[in-house]
Amino acid sequence: MLNFYVRSNFMEKYNPQEIEKKWQQIWDAPDYYRTDIDNEKPKYYALEMFPYPSGNLHMGHVRNYSIGDVVARYRSMAGFNVLHPMGFDAFGMPAENAAIAHGVKPGDWTFANIKNMIRQQKAMGLAYDWEREVETCRADYYRWTQWLFELFYKRGLAYKKEAAVNWCDTCGTVLANEQVVDGKCWRCDHEVHKKNLAQWFFKITDYADELLADLEKLTGWPNRVKIMQENWIGRSEGAEFSLEVVDSEEKISVYTTRPDTIFGITFMALAVEHPLIEKIIAGKPNETEIREFIKATRNMSDMERTSSESEKRGIFTGAYCVNPVNGRKVPIWITNYVLYEYGTGAVMGVPTHDERDWMFATKYGLDKILVIDNPAAPLELSKMDNAYIDAGVMVNSGEFDGMQNETAKSKIVDWLEAKKIGTRKINYKLRDWLISRQRYWGAPIPVIYCEKCGEVLVPEEDLPVLLPDDVEFKQGALSPLSTSKKFNDVKCPKCGGKARRETDTMDTFICSSWYYLRYADPHNDKKPFDRDKVNYWNPVDQYIGGIEHAILHLLYSRFFTKVLRDAGMLDYDEPFTNLLTQGMVIKDGAKMSKSLGNVVSPEEIIAKYGADTARLFILFAAPVERDLDWSDQGVEGSFRFLNRVWRILGIFEKAIKSGAENYDAETLTAEEKDLRRTLHKTIKKVTEDLHDRFAFNTAISTLMELVNAAHSFQDKLINPNLAREFANNLLRMLAPFVPHISAELWSQFFAGDVHKQSWVKFDEAALVEDTIEIVVQINGKVREHATVANNLSRAELEKIAPNLPRVAELIAGKKIVKIIAVPNKLINIVVK
RNA sequence: GCGGACGUGGCGGAAUUGGCAGACGCGCUGGACUUAGAAUCCAGUUCCUUCGGGAGUAAGGGUUCAAAUCCCUUCGUCCGCACCA
């Protein structure tokens with residue numbers, strides 16, 4: 001008989017610090033997680049958004065990487081050839097701020113931070129192929145970022161123009177539209193204002209239509225991310241047409257989505273930036289007043305100017321234009337509510353059918369003409385107190401009268417097109433991506449300005465344009481690169497004449513728009529990446545990161561992918577097939593932050609409980625997409641569970657070691673069969689949760705139930721074969737979640753490495769139960785439980801149920817109306 | 001204002017296809033072990049109850065033999081967009 005309760009010394013106590021260190025050393029061997037192309041297996045690319053190297057991991061990182069690691073380890077065991085890399089988004093302002101504040105070189109600061117973060121990532125037991133690590137601030141990476149800039153330039157997708165751009169004083173640089181949130185800088189939260197500067201742009205608007213249309217292909221993306229991108233791109237269909245200015249050669253072009261209301265135009269509204277203004281106000285009696293209005297409006301913050309709350313104001317220019325559809329002469333106003341950047345910067349004013357125009361016209365006493373009537377309740381202009389924006393029937397619209405306004409929309413545009421006054425037009429809210437930054441710690445824009453040749457690209461063979469180190473870090477309108485003598489000492493690559501370098505660097509979002517491609521071929525020194533390698537590994541099968549990049553990084557990366565596809569560098573349309581947006585880690589009802597003092601340090605948790613406990617807690621406490629409430633007691637609970645695993649396998653130690661791999665399950669006792677059934681049900685459930693659902697919390701709870709079930713054998717003999725089967729499968733299932741303890745316990749009982757084992761498979765036969773407990777309801781209320789044979793037919797269930805003693809008693813004297821039987825589930829008896 | 005997600009015990013959450021609401025964990029209660037504590041193990045833990053039951057998934061209504069799940073209305077929370085003509 002087996003002496004089941006004596007444990008070896010080793011199994012006495014779970015000591016995470018000791019075993020985690022041991023396994024991390026083993027995994028740190030250069031080849032352990034090396035990945036290569038393997039055409040025998042299906043590939044799987046699991047990727048977490050790479051971090052900015054701030055110096056320390058926070059719980060958000062821990063959550064992100066824990067999720068990714070489960071995915072990668074599971075897929076690898078399930079037979080996929082898995083690529084799971086890590087890197088650092090290493091350019092950016094904090095490094096430069098550290099240089100300003102403490103005099104450290106941005107590079108030194110960054111590399112020290114990276115080193116520490118890698119140490120912390122390794123302490124989490126993450127399965128990365130570190131051979132493929134990329135750091136965007138290294139010349140061997142940004143050389144290709146610059147090369148890609150040149151590719152965009154050559155394809156007509158990079159251009160420099162002067163424009164009113166977003167400027168953040170605290171960051172000392174311009175920002176892209178995507179990087180301004182509610183009029184504030186996305187990074188430092190300070191108010192952004194407009195500045196006229198010549199800046200580099202990427203022509204993302206060329207791809208607006210495809211970026212919108214292809215959202216449909218992204219069936220593996222959360223809906224809300226797609227909706228956010230859809231809103232951001234902001235496609236609208238309408239017409240563009242022009243109105244002649246009275247007593248002038250000039251025309252005003254306008255865009256409208258409501259061509260059906262053209263007959264209702266009573267004024268024209270121009271943005272204060274509109275170029276026509278200068279021409280029409282010259283010499284007008286109130287010219288000074290107009291200029292003052294323009295100046296005041298321009299001085300308003302973006303927030304004020306674009307808020308729908310702000311009062312609509314304007315000033316009459318004294319000029320008129322003519323509505324081409326009815327010849328009506330309408331006054332031209334300059335207003336604070338028309339945006340210059342959208343459409344044509346001029347808007348037709350139709351007070352009766354646009355709320356903003358209504359408010360404006362009411363304030364300044366402008367005319368109103370009703371052109372769409374409500375068929376259900378005819379409108380009377382004198383009784384209206386706001387615009388009528390719903391559908392209706394055309395009135396006061398000449399030949400279009402009586403038509404449904406929706407029909408008229410298209411007819412009127414046909415008419416405009418026929419008369420060559422206007423055309424159909426699609427507009428987008430999306431603007432081109434402003435990519436220059438007046439900062440040092442970024443990839444220099446590889447352009448040289450020659451007095452003779454103008455704008456010239458740095459020749460490919462001269463890349464990278466290295467960051468100089470003789471710079472002064474002062475904030476101003478110019479990049480610190482302008483203070484470097486070495487950097488600016490340059491001749492024109494074309495004519496050899498006098499020239500100067502572009503001193504702005506690129507938005508770091510450019511660096512992060514292609515890093516997932518570089519992982520496929522990280523050491524290539526001939527090109528950014530090899531096409532075949534990228535076509536093998538990419539697109540990313542599962543991308544995991546925070547929702548904060550719903551637009552920014554995810555939109556930019558989609559844009560890059562499409563451009564590189566058009567350049568023949570890769571063969572697919574979308575970079576990330578499936579996207580998982582993890583929730584935040586919250587403590588005491590708020591996001592962890594230094595200012596709130598509710599930060600829990602991952603390093604401390606790992607030191608106290610081990611990485612396995614930290615990972616387990618964070619995966620168990622909430623579904624991945626939802627915010628996660630940090631709970632110190634919850635962490636204790638996860639630690640307890642791992643101790644229970646250790647303990648029960650310790651109790652089973654001798655049995656496990658003496659058990660056989662193959663045995664006849666029929667030899668088991670009824671109680672053992674129950675445990676075996678639980679085991680195989682767990683295999684089924686955990687596999688489904690991992691493979692299809694990312695339901696790590698329920699997968700773990702199922703594993704807890706399995707371990708709880710095994711506890712009924714803690715002071716009873718267990719069949720050694722079953723004990724061995726139990727341990728083998730349990731450890732393989734735990735491996736993706738808690739890699740160290742799984743590896744250690746596996747090595748105690750089984751040969752090889754648990755992480756190189758195949759994924760568990762359930763035995764269909766083990767799931768079968770001879771008898772099943774079904775629910776008996778009377779009028780929908782549970783009244784009895786009956787144990788019946790498995791798969792008992794509907795007819796037999798209907799026969800059995802009313803005769804069960806308790807049921808018979810309850811339905812005595814009543815009439816059975818109907819019996820609904822669902823095999824293996826329930827019987828509902830409807831009585832009267 | 002528009003668009004979206006959501007609302008389940010003291011708490012985190014489960015219920016995947018409409019079929020026993022509250023799995024699992026935390027907390028709490030009781031017990032075992034212990035001189036005692038810690039740890040561990042076992043049991044209990046939605047609410048009400050006259051112990052027969054009854055009520056219950058934000059509120060109200062509907063569909064159905066059967067609703068947390070589907071439909072309608074209302075309320076609330078969170079997120080996104082917000083003068084884009």
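So that the names make sense, note that chain A is the first sequence line, chain B the second, and so on, each numbered from 1. As the structure is a computational prediction, the values presented were derived from the model and not from experiment.
Between A:T698 and A:M300, the residue anchored nearer the 5' end of RNA chain B, judged by the nucleotide with its closest heavy atom, is A:T698. In this structure, A:N223 and A:F620 both approach RNA chain B, and ranking their closest nucleotides by distance from the 5' end singles out A:N223.
Counting non-hydrogen atoms under 4.0 angstrom, A:H711 reaches the backbone sugars and phosphates but no base. If you check every strand for non-hydrogen atoms under 4.0 Å, A:K832 touches nothing. Residue contacts shown for A:V338 include a base, since a base heavy atom lies under 4.0 Å away. Nucleic acid contact class of A:N697 (heavy atoms, under 4.0 Å, all strands): sugar-phosphate only.
Across all strands shown, B:U40 forms a Watson-Crick or G-U wobble pair, both distances under 3.5 Å, with B:A32. Of all nucleotides present, none satisfies the Watson-Crick or G-U wobble test against B:A23 with each distance under 3.5 Å.
Of the side-chain N and O atoms in A:R626, none sit less than 4.0 angstrom from OP1 or OP2 of B:G7. For A:Q714, a side-chain nitrogen or oxygen approaches OP1 or OP2 of B:C42 to under 4.0 Å. Under 4.0 angstrom from either OP1 or OP2 of B:A5 there lies no side-chain N or O belonging to A:K226. At B:G3, none of the side-chain N or O atoms of A:N231 fall inside 4.0 Å of OP1 or OP2 (strictly under the cut-off). Within the 4.0 Å cut-off from OP1 or OP2 of B:A85, at least one side-chain nitrogen or oxygen of A:S236 is found. Phosphate proximity of B:A85 to A:Y342: present, with a side-chain N or O under 4.0 Å from OP1 or OP2. Between A:R640 and the phosphate of B:G27, there is a side-chain N or O to OP1/OP2 separation shorter than 4.0 Å. Between A:N708 and the phosphate of B:G25, there is a side-chain N or O to OP1/OP2 separation shorter than 4.0 Å. Note on A:R644: a side-chain N or O is less than 4.0 Å away from OP1 or OP2 of B:C41.
Taking the O4'-C1'-N9-C4 or O4'-C1'-N1-C2 dihedral as appropriate, B:G37 has a value more than 90° from 0 and is therefore anti.
B:U63 and B:G52 have their C1' atoms separated by 33 Å, with the value rounded to a whole Å. Taking atom C1' in both B:G13 and B:G60, the straight-line distance is 27 Å, to the nearest Å. Atom P of B:A21 sits at a distance of 44 Å from the matching atom of B:A36, rounded to the whole Å. Here the separation of B:G31 from B:C79, taken at their C1' atoms, is 48 Å to the nearest Å. Going from the P atom of B:U64 to that of B:U74 covers 24 Å, rounded to whole Å. A gap of 12 Å separates the P atoms of B:A39 and B:C26, to the nearest Å. On the C1' atoms, B:C70 is 13 Å away from B:U17, given to the nearest whole Å. Across B:G19 and B:G3, the matching C1' atoms stand 35 Å from one another, rounded to whole Å.
Using bins of under 30°, 30° to 60° and over 60° for the plane-to-plane angle, the ring pair A:F696/A:F694 lands in the perpendicular bin. In this pair, A:Y14 and A:W646 present their aromatic rings tilted. The plane angle is within the 30 to 60° band. Using cut-offs of 30° and 60° for the angle between ring planes, the A:Y342 and A:Y255 rings count as perpendicular.
Panel note: side chain A:H711, backbone A:V707; a donor-acceptor pair is recorded below 3.5 Å.
Screening A:V347, A:L366, A:V338 for a side chain to side chain contact (heavy atoms under 4.5 Å, CB included) with A:W333, the sole residue that qualifies is A:L366.
One N or O donor and one acceptor, one from the side chain of A:K312 and one from the base of B:C83, sit under 3.5 Å apart.
For the pair A:K226 and A:E216, the salt-bridge criterion is not met [side-chain N within less than 4.0 Å of a carboxylate O]. Using a 4.0 Å cut-off between charged side-chain N and carboxylate O, A:K681 and A:E769 make a salt bridge.
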